[in-house]
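Report on one structure; see the data block that follows.
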Amino acid sequence: MYEMLLYFNGGAMMSKIKNITVTIDGKTCHSEFGKTILQIARENDIYIPTMCYLTKVMSIASCRMCVVDVEGVDGMILSCQEPATDGIVISTNTPEIYKQRQSIMKLYDVNHPLECGVCDKSGECDLQNKTLEFDVAQQNFTAKDQNRKVQNWGHVSYDPALCIMCEKCVRVSTEITGDEALQVKFGGYNSTILNVKQDKNYASLGEAAAVCPVGALVDTSFKYTSNAWELTKIPATCSHCSSGCELNYEVKQDSILNSEEKIYRVTNTYEFSSLCGAGRFGYDFENKDVTKDTDEFKKAVEAFKVADTIRFSAVITNEEALILQRLKEKLNYKLICDEAKGYQDFLKAFGEVTGKNLYSANLKTISDSRAIIVLGSKINNDNPMVKYHITMASKHNQSRVAYMHTIEDTEIQNIVTQFIKYEVGSEEGVVALLADRLLKDIELPVKKREFLDSLDIGYLSAESNIGEEELDALAKSLIKKRGFSLIVGEDLYSHPRAKNIAKILGLIETYTDFNILLTPPSTNALGVSLICDLDKEAGNYTIGYNSTGDYILSATGDGNLDMPSFNQQEGTITTIDKRVVVTNVALPYGGYTLNDLANICWLNHEYTIDYTKELPTSKGFSAVEFDLLPNEFSITGKENRGYLLTSIKVVKDTSLDEVEDLPDYDGLVVYRCNSVEQFSQFTSKTTQLKEDNNLVGSPVFATVAKIKDGDRVKFIVNDIEYNRVFKIDTSMKGTIAINPTNDMGLSSTLVSSYRYSKLKLEIQNKNVSS
Amino acid sequence: MSLNKFKDRNVGVQNYTLIEHEAFPQTGGEKFARVLKRTIKGELFVGLWVTMRTMILALFNGEIHTVKYPFEKLPISPRYRAIHDMLRLLESGHYRCIGCGLCEKICIADCIKMDTKYDENQRKEVTEYTINFGRCIFCGYCAEVCPELAIVHGGRYETASQQRASFSIFDDMLTPIDALKEQKEYPGFGAVSPNADDNIKKTPLAY
Ligand code: SF4
Ligand code: SF4
Ligand code: SF4
Ligand code: SF4
Ligand code: FES
């Protein structure tokens, strides 16, 4: 399984590895050239204290705690920064080093407020631990104390008096989340951290707070509500998007008067992995106070008897998807999943060319890339973790990032090196142009070459509005690079020409060094695509599972029968990394589950997770019991979560259609896209994630539509009526407005159509204030 | 640790006083003689007289020694560990508890629970605090660990209740604000030692 994947990721592999041997504290350690002394020590379970080291960012080297002694080298060496060379002999702990570390701790402790008693970090604070470790019992130095006020930045608050200026938060905000909100204000003892984008209240700053080794940066909502040691950690997986990030729900009784469990905060293994703001702050979407309603359950069973269709949301576990598939096999239900259907077809067409059922890239290959193309996705909104990995590639490898989309996104300006704008609807042409350019000097089978040669480049370029010089510049920027990623998004899956687009992309995957990532459009779209045979047309009577229907099962409480939400159930999901990861029950749930219904309807498994080992191995799943699946990172950062899917060979059908005439989308267009860190009806239900349920457009859009900021407008997209306030975003251009759908409850899952639609606006009432 | 200390059972120079008493009877005859002697002596009435005298004093002089519990209570030692009190700061009247949760953590019977929140003044506020006296074993750990001398043991030793669980909330234990003047420092577990002042070290301050 692993070999297969390694082979897949061949494009991003490093060149030859040189082995070295070093001696640390008398222990012989074998490793590879290029690793730092600290890394090798950690691999070999040797402890070197650090204060500023954070594995996932470039070494900061601000604390000097990690000093070691290298034989034959004068002075102390910073082990977090210094790559080991073959044969060196290292001591990590001599009396002098101890003294030096102790003095560092003494300096850190100067005027550090004695407020462990109330501090949120107490019990898991690096400063507290190391102060005790190095036996600093009193303050021997002095400095003039200052009045430094706590700053409330929205999602997080900053207490400069507690800050030890390790800079981890700044690095995370710059190198990982890419919001670039935090900066260091240098000034010796007056140094402090500045939030230069306070007005934006980035939820991604939660990640900066997570890495803070002391209590300086904390989640405002969690502040002073509980001591860390009182909380029970439930290892789980974020259910909001397909990245399926590792997280812990930390639970405790709600209060003295209410002994029901509540999630107090979300933490993660921040040393190696990250969480976006939605994962960190969007945790209270549970289906509360549900009891077993036997009458309703009987009605549900009746509904299952009359129904011929089940329509469901892709925010679902693999096991539940398998239950639905089994029901289909037994009882001939049609399965409709609007969020996954387009993706399933796309993946299939893509596989027909590549010969494999999965794409080759994953998040790691993206962050390791030197050149990245993003196509057909407002990636910052669609999948934050992909954006974080692009940011890492950009900051750590100076990766080129070409962003090909219809709308320029100012939020990712800092990482995008080339923005290539194309016209709405012209995606097929864009992909063809791209394939033509990337496959230019590559040897191809005759048929494929003919296909490319037959392209009318002039026409495609004119209609898609991509200039040849733009593609030239793109191609030029790829020269002499290693590690290429092409990230594809939701715009393409629902495109009327999706199949051909997928096949052309398949060519790029097969014949170039590009690793393609087909970003799953919803939490478990990949799992659903692999497990279920989805149908296109619904029948006469539909059961909706977190989606619309004649009888509705809902985990938001909007339906007839209640279902558990993701943080109330156990199961697995299939992530963008093609990894099957587990999630566990964080909060109690008193009602019925889909499995209860399925057991009435002729299936027979006691628990939902009994299906885990039955996930189809023919699609790449492994037959492993749920309880045997791990969910952790090793001390060196190896992701031991669930298992990786095996890529399966599929039957090839490499025939390509001619590129059709590109459609025309003149006039007002609306683009289906949720706000950053909003994904579904579940994120919409949470209290801390901000949600702008407005129609947002550029000043030009306003002029063309003859509306003003604040006007209330009505419009219909995909038969769903929207009643929204229009807001002008001056950073936008053109006549495409953005319309979120995740606040539309059950109908927010009805997203099978092309992401752009022509718009007819009905002005409801003019904004009185303007 | 060496165990020598524990093995040395020589507790030092003793200073016992021997009580003089007459020789014990040895033979059967001697024992019989003692019984006869005691029977005739009328020692019994000495004891009865003591009882009678006390009765007379109680009935006619009002010199009574019985404590009429629960109408009367004997004073208990100030270091006795009974139902807890939550103290206030003498200057501001604000409750002393900072919500650190150490008492909650250390409590061996797991009977303390507290709720805290971030208040408007950016401080940690204790919104509720309970002790389940049905479980408390009055070990005094909470009072000892408290860094603020906020939770201490008071003198209320009656803990009987109709249920096994018997919760006291913050307000039950907190010194009433109008009784602040009568609030006493607790000398027992966790209190500052009499020589505390001598142990204080000043932080070097250059300004
Ligand atoms: S806020 Fe925290 S992470 Fe940031 S510099 Fe200060 S101590 Fe380090
Ligand atoms: S929403 Fe996506 S990116 Fe954010 S934490 Fe969840 S899985 Fe990760
Ligand atoms: S006296 Fe002991 S058992 Fe009682 S509350 Fe305090 S710590 Fe707990
Ligand atoms: S130990 Fe003292 S200050 Fe801390 S929570 Fe308990 S009573 Fe309050
Ligand atoms: S860990 Fe090396 S300098 Fe901080």
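What's counted below: heavy atoms across the whole structure, side chains too, no hydrogens, waters or symmetry copies. Every chain is numbered from 1 and lettered A, B, ... according to where its sequence line falls, protein lines coming before strand lines.
- The stretch residues 63-99 of chain B places B:Ile98, B:Gly99 near chain A, each with some heavy atom under 4.5 Å from a heavy atom of that chain.
- For A:Glu115, no part sits under 4.5 Å from any heavy atom of chain B, backbone or side chain.
- Counting heavy-atom pairs under 4.5 Å between each of A:Ile256, A:Val118, A:Val110, A:Thr225 and chain B puts A:Ile256 at the top.
- Residue A:Ser221 does not touch chain B at all, counting heavy-atom pairs closer than 4.5 Å.
- The distance between the ring centers of A:Phe134 and A:Tyr98 falls below 6.0 angstrom.
- Atom CG in A:Asp254 sits 8.0 Å away from atom CD in A:Glu260 (nearest 0.5 Å).
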Passes salt bridge (Lys or Arg N to Asp or Glu O under 4.0 Å), A:Arg280 versus A:Glu207? Steps please. CA-CA 8 Å; A:Arg280 180 139 342 247; A:Glu207 187 58 29; 2.8 Å; yes

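- Note on B:Lys117, B:Glu148, B:Glu125: by heavy-atom pairs under 4.5 Å with chain A, the leading option is B:Lys117.
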A:Leu182 and A:Leu205: side-chain contact (heavy atoms from CB on, under 4.5 Å), yes or no, with the steps? CA-CA 9 Å; A:Leu182 303 185; A:Leu205 285 180; 3.8 Å; yes

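- Taking the six-membered ring where tryptophan is involved, the planes of A:Tyr224 and B:Tyr118 are perpendicular, since the angle between them exceeds 60° and thus also 30°.
- Taking both residues in full, the closest heavy atoms of B:Cys136 and B:Phe138 are given as SG-N, 3.2 Å, listed atom of the first, atom of the second, then distance.
- Using a 4.5 Å cut-off between heavy atoms, B:Phe167 does not touch chain A at all.
- Considering only heavy atoms from C-beta on, A:Val266 stays 4.5 Å or farther from A:Phe281 through its side chain.
- Checked by atom type and distance alone, the side chain of A:Ser173 never pairs as donor or acceptor with a backbone atom of A:Asp179 at under 3.5 Å.
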